[in-house]
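Presented below is the structure to which this report refers.
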2 protein chains.
Amino acid sequence: MTAVGNNKPKRETYRHGDLRNALVEAGLELARQGGPTAVVLRAATRQAGVAPNAAYRHFTDRNALLHAVSQAAMAHLARTMEAEQTTLPPTTDAAAAARARFRAVGTGYLRFAQEEPGLFRTAFHVPGDMTHAAADTAAGTTGKTPFELLGTALDGLVEAGLLPEDRRPGAEFLAWSAVHGLACLLIDGPLRGLHPTRVHDAGQHVIDMIERGI
Amino acid sequence: MTAVGNNKPKRETYRHGDLRNALVEAGLELARQGGPTAVVLRAATRQAGVAPNAAYRHFTDRNALLHAVSQAAMAHLARTMEAEQTTLPPTTDAAAAARARFRAVGTGYLRFAQEEPGLFRTAFHVPGDMTHAAADTAAGTTGKTPFELLGTALDGLVEAGLLPEDRRPGAEFLAWSAVHGLACLLIDGPLRGLHPTRVHDAGQHVIDMIERGI
DNA sequence: ACCCATTGTGTACGATGTTCACATTTGGAG
DNA sequence: CTCCAAATGTGAACATCGTACACAATGGGT
C-alpha cells in the first residue's frame, strides 16, 4: 500500500490558493511522525495535490521548507509551554507564583519533547540562530518564543526575590541547557522509553537542580 | 572538482582485506565534516575503492554502518574525556582531586563537542540504547564509555565526601543533562559561534551549577 | 481588453539506498 | 594436492529524492 496515499487527490482550480501554508502543514505532519529527515519535499507536494516543482515557487530549497516547518514546530512548543502555565492554580503568594511559573516553563518544555518527539527534534534541527528566534514565526499565542518565555520566567524569579540579581545574566542558558539536555536523553538517549511517571520525576529533579544551582 | 576525489583509486587484490574497518573509517571522516547525514554509503565505498554493494557484506543497512560510525565517534569522545583527566596537575588533596576529575569529565565532553561537532552529533544520533552502551565499541583507552566515566567521577565525589550518598542515585542524569544540553546549544543552538573563551566560561558556569545543584 | 508577473506542470538529470544474479577468491575436507 | 562451498566483491537495475529548465495557465493592473 505504497502508492494510493493520495489524500488530497485533486483540485479543480489551477491555482492552489494557499500552497505555502499547505506545504508547511504537510511538512509538520511528516515531521510529527518521523522527525526532520521525514519532511520530504515531494511527499509534502503530493499531500498538497501539486507537482513537486510547485514548492519552488514558495521555498528556494528543501532546506527552506524544513526551516519553515522547524519554526512552526517551535511555535507549537511555545504554545505547549504557555498551556502549562495557564493550568497553574491561582495563588496569592507572589513568590510561589513566580516559582510555579518558572517550573512550568521547564515542565511544558519536557512534556512537549515527550509527547511530540518528532516535532521537538524538528524544532531544534539546525534552526539558524535561535537567538534571533524573536521571529514571530516561532512564537506562541502570547507572541513569545520559548526562549523569551524562559527569560520572562527568570525575570519573575528576580522580582520575587528568589534569584539574586547578579545571578540573572546568562541564567537562561544554564536552565535551558539542563532542561534541553534532559529532553535529548529522554527522546533518543539512554532514558528513552522510560515510564512516563519516571519521566516526570526526572524532569522535576532536573528543575530542582536548576533552582538550587542557578 | 567534484569527481576526482578517488583517494584510494584501486587495489590489486580482489579482496579488500579489511573492508568493514575501512568503511567505518571513511564514515568517520564523512561524519567529521558533515555530521550524521553526511555519512553516505556510496561515498564510503567509493573512498574504500569498492563497489557500493560490497558494503552489504558487512552491514545490513546504511543504518547499521551509521550505527558503527556512531559508536566509533562515541569512543573518540571517551578518549577526549580521558585525555582531559590526564592533563590534571597532581594533588595531595584527595577531595580536590576528586572534584577536578569530575569537572574534567564535563570539560572534556564540551571540548569534544566544540572541536568535533560533526562527530559529536553523529555519536548521539539515535544511538540505540545508550545505557547498554557498555559496548566496548564505544569505550576509550581505559575501556570505559563516556557514561561510565561520568559514573566513576561521581563515585569519586561520594568517596571524597563532596556528594551526600543519598544524592548519588540518578546523579549522572542530572549532570549529563546539563552538560549535554549546553553542548547542543553550543553546536547548533543560540550559542553557536560563541567566542572560544566565552564557550569555556559557559561550560564552567554550567559545571558550577551542577556542583551546587546536584 | 490586453499584457505580463505569478504560479503550477512536464520532463529530465544525477545521486542515493537497495536488490538480484553473477564472478572471484580463500580455507579446509577429502 | 584437489576441489568445493562459504565468503566476499561486481554489475546492472529500480524506486525515490532534490532540483533545473522550458513551458502552460491564470488573473490583476493599465
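In what follows, chains are A, B, ... by sequence order, proteins preceding strands, each numbered from 1.
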Is there side-chain contact between A:Arg212 and B:Met209, with at least one heavy-atom pair below 4.5 Å? no

Among the candidates D:dG18, C:dT7, D:dA7, find the nucleotide nearest to the side-chain atoms of A:His58. C:dT7

Which of the following nucleotides, C:dT18, D:dG18, D:dT10, is nearest to the side chain of A:Arg62? D:dG18

Of the options D:dC17, D:dG9, D:dA24, whose atoms approach the side-chain atoms of A:Arg46 most closely? D:dC17

So which nucleotide from D:dT8, C:dG17, D:dC17 ends up closest to the side chain of B:Arg15? D:dT8

Does B:Gly151 offer a backbone N or O that forms a donor-acceptor pair with the side chain of B:Glu172 under 3.5 Å? no

What is the distance, to the nearest angstrom, from the NE2 atom on A:His16 to the P atom on D:dG27? 15 Å

To the nearest Å, give me how far apart CG (A:Leu23) and P (D:dG18) are. 12 Å

From CZ of B:Arg42 over to C1' of D:dA12, roughly how many Å is that when rounded to an integer? 11 Å

Between D:dT19, D:dC17, C:dT19, which one does the side chain of A:Val40 approach most closely? D:dC17

Whole-Å distance, B:Leu41 CG to D:dG9 P, equals 13 Å

If I take atom CG in residue A:Leu30 and atom P in nucleotide D:dG18, what distance separates them, rounded to the nearest angstrom? 10 Å

A:Tyr56 side-chain proximity, nearest of C:dT9, D:dT19, C:dT18: D:dT19

When rounded to whole Å, the CG to C1' distance for the pair B:Asn21 and D:dT8 reads 16 Å

Please compare B:Asn63 and B:Thr13 by the position of their nearest nucleotide in DNA chain C and report the one closer to 5'. B:Asn63

Evaluate the ring planes of A:His76 and A:Phe112, with Trp represented by its six-membered ring, and classify them as parallel (under 30°), tilted (30 to 60°) or perpendicular (over 60°). perpendicular

B:Leu65 CG to C:dG17 C1', in whole Å, measures 12 Å

Minimum-distance nucleotide to A:Tyr14 side chain [options: D:dA24, D:dT10, D:dA13]: D:dA24

Here the distance between atom C1' of C:dT19 and atom CZ of B:Arg57, to the nearest Å, is 11 Å

Side chain of B:Leu19 - closest among D:dC17, D:dG9, C:dT16: D:dG9

Measure the acute angle between the ring planes of B:Tyr109 and B:Phe124, then classify it against the limits of 30° and 60° as parallel, tilted or perpendicular. tilted

Walk me through it: do B:Glu84 and B:Thr107 pass the test side chain to side chain donor-acceptor pair (under 3.5 Å)? CA-CA 7 Å; B:Glu84 190 77 24; B:Thr107 307; 5.0 Å; no

